[in-house]
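Both counts, for ligands and for their atoms, begin at 1 and track the order of listing.
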Amino acid sequence: MSVDRSNIVLVGFMGTGKTLVGKSLARSTGLDYVSLDERIEQIERRTIKQIFSESGEGYFRELEKRVLRRELEKERRVIDTGGGVVLDRNNMDLMNERGVCICLWASLDEILKRTSGHGHRPLLNVPDPRRRISDLLSKRRPFYEKAPHHVDTTGKSVDDVVKEIRGIVDA
Ligand code: S3P
């Protein structure tokens with residue numbers, strides 16, 4: 001599998017490092033970096049938080065699906081997806097068709113640590129984020145498990161994770 005023939009698509013729960021790792025992986029491979037959430041915010045001229053509160057999650061998911069499809073028409077990019085993109089089977093099929101799909105993981109404690117203090121994730125703006133993360137993780141685990149490649153980021157540096165991913169995509 002060679003990076004110059006494909007996109008690298010990073011999926012995984014919130015706080016598993018997709019953005020930091022994605023940017024560093026793009027630098028390391030020479031591919032362009034694109035964040036689906038950023039694209040969505042540009043198109044809507046609203047933050048993800050506003051989209052959720054003003055138009056609802058269903059509206060966001062439709063938008064996410066359209067933007068994913070459009071971004072996957074291009075090549076040679078590292079695509080940083082939002083944590084819920086895997087919930088749609090067609091999204092998953094498309095990501096596998098158009099790229100090398102890699103799922104990042106982290107422990108519940110690490111996710112909690114990495115996401116706390118940031119108010120921009122509407123799904124985690126709840127009184128008990130640990131419980132919400134745990135519930136969402138168990139619901140979503142089967143969807144993340146469908147990805148063909150998996151990298152645990154718990155306790156690892158961004159560089160280490162990038163090296164592991166390069167081991168997969170350069171093989
Ligand atoms: C979501 C994850 C977020 C963002 C939105 C919904 C999710 O992206 O797309 O808040 O459903 O897990 P990150 O995974 O980049 O935080």
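- Not a single heavy atom of R114 sits closer than 4.0 Å to an atom of ligand 1.
- Protein heavy atom at the shortest distance from atom 2 (C) of ligand 1 is G83 N, 3.3 Å.
- Using a 3.5 Å distance cut-off with no hydrogens or angles, the side chains of R166 and S28 do pair a donor with an acceptor.
- The distance from ligand 1 to the heavy atoms of F60 drops below 4.0 Å at these ligand atoms: 9 (O).
- Near L123, the atoms of ligand 1 lying under 4.0 angstrom from a non-hydrogen atom of the residue are 7 (C), 11 (O).
- Heavy-atom contacts of G82 reach the following atoms of ligand 1: 8 (O), 9 (O), 14 (O) (cutoff under 4.0 Å).
- Although no hydrogens or angles enter the test, the distance criterion places no donor-acceptor pair under 3.5 Å between the side chain of N7 and the main chain of V78.
- Atom numbering of ligand 1 starts at 1 in the shown order; those under 4.0 Å from a heavy atom of P122 are 10 (O).
- Judged by distance alone, the side chains of T16 and R114 never bring a donor and an acceptor atom under 3.5 Å apart.
- Within ligand 1, counting atoms from 1 as listed, the ones closer than 4.0 Å to a heavy atom of I48 are 5 (C), 10 (O).
- Heavy atoms of R140 come nearer than 4.0 angstrom to ligand 1 in at least one pair.
- Judged purely by distance below 3.5 Å, without hydrogens or angles, the side chains of Y59 and E44 pair a donor atom with an acceptor atom.
- Checked for salt-bridge contact, D80 and K18 miss the test: no charged N lies under 4.0 Å from a carboxylate O.
- Considering D37, L87, L136 only, the shortest heavy-atom separation from atom 9 (O) of ligand 1 involves D37.
- Closest to atom 16 (O) of ligand 1, if we only count protein heavy atoms, is R121 NE, 2.6 Å.
- For K139 and D135, the salt-bridge test fails: no basic side-chain N is under 4.0 Å from an acidic carboxylate O.
- Within the 4.0 Å heavy-atom criterion, the part of K18 lying near ligand 1 is the side chain and not the backbone.
- Under the 3.5 Å distance criterion, with hydrogens and angles disregarded, a donor-acceptor pair is assigned to the side chains of D152 and T154.
- Partner of I43 under the side-chain contact (heavy atoms from CB on, under 4.5 Å) criterion, chosen from R66, E38, R70: R70.
- At a 4.0 Å heavy-atom cut-off, ligand 1 does not touch T19 at all.
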